[in-house]
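Everything on this sheet refers to the single structure shown next.
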Amino acid sequence: MLTATYVLLTLSIEQKKERHFIARLLQHVQSIARRPQEIDPVFIESQLKELTTFAEARHQRKVEACLMPAVRAADSNCAALINDLETLSRLGGAMLNAVHKCLRRAMRRSASQGKFLCRTIDLYCQNLLKRLDKEEQELLPLAQKVISSDEWFEIGTQFLAQEDGDAATKPELRPRRNLAGMGHNVRAMGAGSIRV
């Protein structure tokens, strides 16, 4: 059961980081929405890239590739939840494309485009928060109930392999601390320069 604890703790830590970053981006966007002529699209683009690199990679590599298939295989009654999460992911991808189009237009310093950019980023962030809520309130509790110890071990192995791959290619992701009693290193997976 230590492996299940490791996986759930890893996801929980990453979700908190993602929520913190979303809150910072939303706060910035809401403050500049009142002054669209002061929007710095380059800064927004860098913040958005940092968020999406972390949020989308975490979701795709860990939730969609590891956790959701295990839950789907363990519980045939979870189709509605999995479909909802997949729909939120597709919608988020479409919103992200719209944000990037708005960013390109905002580079022209159009006030109306700046306001639209802020609204589009807000919608994208709200979609991410909704997806996180569904993961935390529905997917993770269901996973705890239906996934066997052997499957948790396989998921944990996949998480560790991803961490090792990240640490090998990104020095800033090397181990930072050891979880007492678990013997596994927790890394800031895909976090880049996100500050908590």
Side-chain angles (χ1 to χ4, degrees), residues 4-33 39-40 43-68 70-71 78 81-100 102-103 117-144 155-156 158-159 162-163 166-167 170 172-173 175-177 179 182 184-196:
T5 303
Y6 161 74
V7 169
L8 295 170
L9 182 60
T10 298
L11 289 172
S12 177
I13 289 168
E14 290 177 347
Q15 287 169 332
K16 285 178 186 169
K17 287 179 184 179
E18 188 174 336
R19 283 185 183 281
H20 178 75
F21 199 91
I22 291 168
R24 279 191 9 221
L25 181 58
L26 281 174
Q27 182 180 17
H28 177 73
V29 166
Q30 289 164 357
S31 72
I32 61 170
I39 289 176
D40 180 358
F43 176 76
I44 291 176
E45 183 177 34
S46 71
Q47 295 297 297
L48 189 64
K49 182 179 180 185
E50 201 171 352
L51 169 62
T52 57
T53 298
F54 180 70
E56 300 302 339
R58 178 198 71 80
H59 185 78
Q60 289 170 5
R61 291 184 333 180
K62 295 193 173 151
V63 177
E64 287 182 4
C66 298
L67 195 61
M68 287 169 54
V71 170
C78 71
L81 172 61
I82 300 296
N83 289 340
D84 286 349
L85 286 165
E86 289 171 343
T87 298
L88 286 170
S89 291
R90 282 191 303 275
L91 183 59
M95 289 176 174
L96 187 56
N97 288 335
V99 167
H100 286 295
C102 290
L103 270 169
L117 170 65
C118 291
R119 282 195 304 270
T120 308
I121 290 173
D122 183 73
L123 287 172
Y124 173 68
C125 288
Q126 295 306 323
N127 181 73
L128 285 178
L129 291 170
K130 188 174 181 180
R131 188 172 79 187
L132 282 171
D133 286 343
K134 195 162 271 297
E135 286 177 17
E136 291 171 355
Q137 296 169 10
E138 297 180 47
L139 182 66
L140 296 181
L142 179 61
Q144 285 179 289
I155 293 168
Q158 291 172 355
F159 276 33
Q162 290 171 3
E163 288 178 20
D166 285 345
K170 300 176 185 172
E172 70 273 15
L173 300 180
R176 292 191 183 155
R177 60 183 169 177
L179 288 176
M182 290 181 63
H184 295 294
N185 289 323
V186 175
R187 296 169 175 88
M189 293 169 276
S193 60
I194 294 174
R195 294 173 296 278
V196 179

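No hydrogens, no waters, no symmetry mates; every other heavy atom, side chains included, goes into these values. The shown structure was predicted, so the numbers you read here are calculated from the model rather than taken from an experiment.
Side-chain atoms of Gln15 and Arg58, non-hydrogen and from C-beta on, do get closer than 4.5 Å to each other. A heavy-atom distance below 4.5 Å is not found between the side chains of Glu14 and Leu132. Counting only heavy atoms from C-beta outward, the side chains of Phe21 and Phe54 never approach each other to under 4.5 Å. Looking at Arg90 and Thr87, their side chains come closer than 4.5 Å, going by heavy atoms from C-beta outward. Between Leu88 and Leu128 there is no side-chain heavy-atom pair separated by less than 4.5 Å. Side-chain contact check for Leu51 versus Tyr124: some heavy-atom pair is nearer than 4.5 Å.
Remark: Glu86 pairs with Arg72 by the salt bridge (charged side-chain N to carboxylate O under 4.0 Å, His left out) rule, at least two apart or across chains.
Distance check: Leu117 CG to Asp122 CG gives 11.0 Å after rounding to the nearest 0.5 Å. Put simply, NZ on Lys62 and CD on Gln158 are 11.0 Å apart, with the number rounded to the nearest 0.5 Å. One distance of note links CD of Glu138 with CG of Leu85; it measures 7.5 Å at 0.5 Å rounding. With rounding to the nearest 0.5 Å, the separation of SG in Cys78 from CG in Asp84 is 11.0 Å. One finds the CG atom of Leu142 at 6.5 Å from the CG atom of Leu81 (value rounded to the nearest 0.5 Å). Atoms CD and OG1, on Glu18 and Thr52 in that order, are 10.5 Å from each other to the nearest 0.5 Å.
Among the candidates Leu103, Val99, Leu96, the single residue satisfying the side chain to side chain contact (heavy atoms under 4.5 Å, CB included) test with Thr120 is Val99. Of the residues Glu64, Glu136, Glu56, the one that meets the salt bridge (charged side-chain N to carboxylate O under 4.0 Å, His left out) test with Arg131 is Glu56.
For the residue pair His59 and Glu135, a side-chain donor N or O sits within less than 3.5 Å of a side-chain acceptor on the partner.
In this structure, Cys118 and Ile32 approach most closely via the heavy-atom pair SG-CG1, 4.0 Å. The two residues Cys125 and Leu25 make their nearest non-hydrogen contact at SG-CD2, 3.9 Å.
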Go through it in stages, so that I can follow the logic: the residues are Met68 and Leu139, the test is side chain to side chain contact (heavy atoms under 4.5 Å, CB included), and I'd like the CA-CA distance, side-chain angles, deciding distance and then a yes or no. CA-CA 8 Å; Met68 287 169 54; Leu139 182 66; 4.0 Å; yes
query = Are Leu129 and Leu26 close enough, and set up right, to give a side chain to side chain contact (heavy atoms under 4.5 Å, CB included), and what steps lead you there?
reply = CA-CA 11 Å; Leu129 291 170; Leu26 281 174; 4.2 Å; yes
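One N or O on the side chain of Ser31 and one on the backbone of His28 form a donor-acceptor pair closer than 3.5 Å. Between the side chain of Thr10 and the main chain of Tyr6, a donor-acceptor pair closer than 3.5 Å is present.
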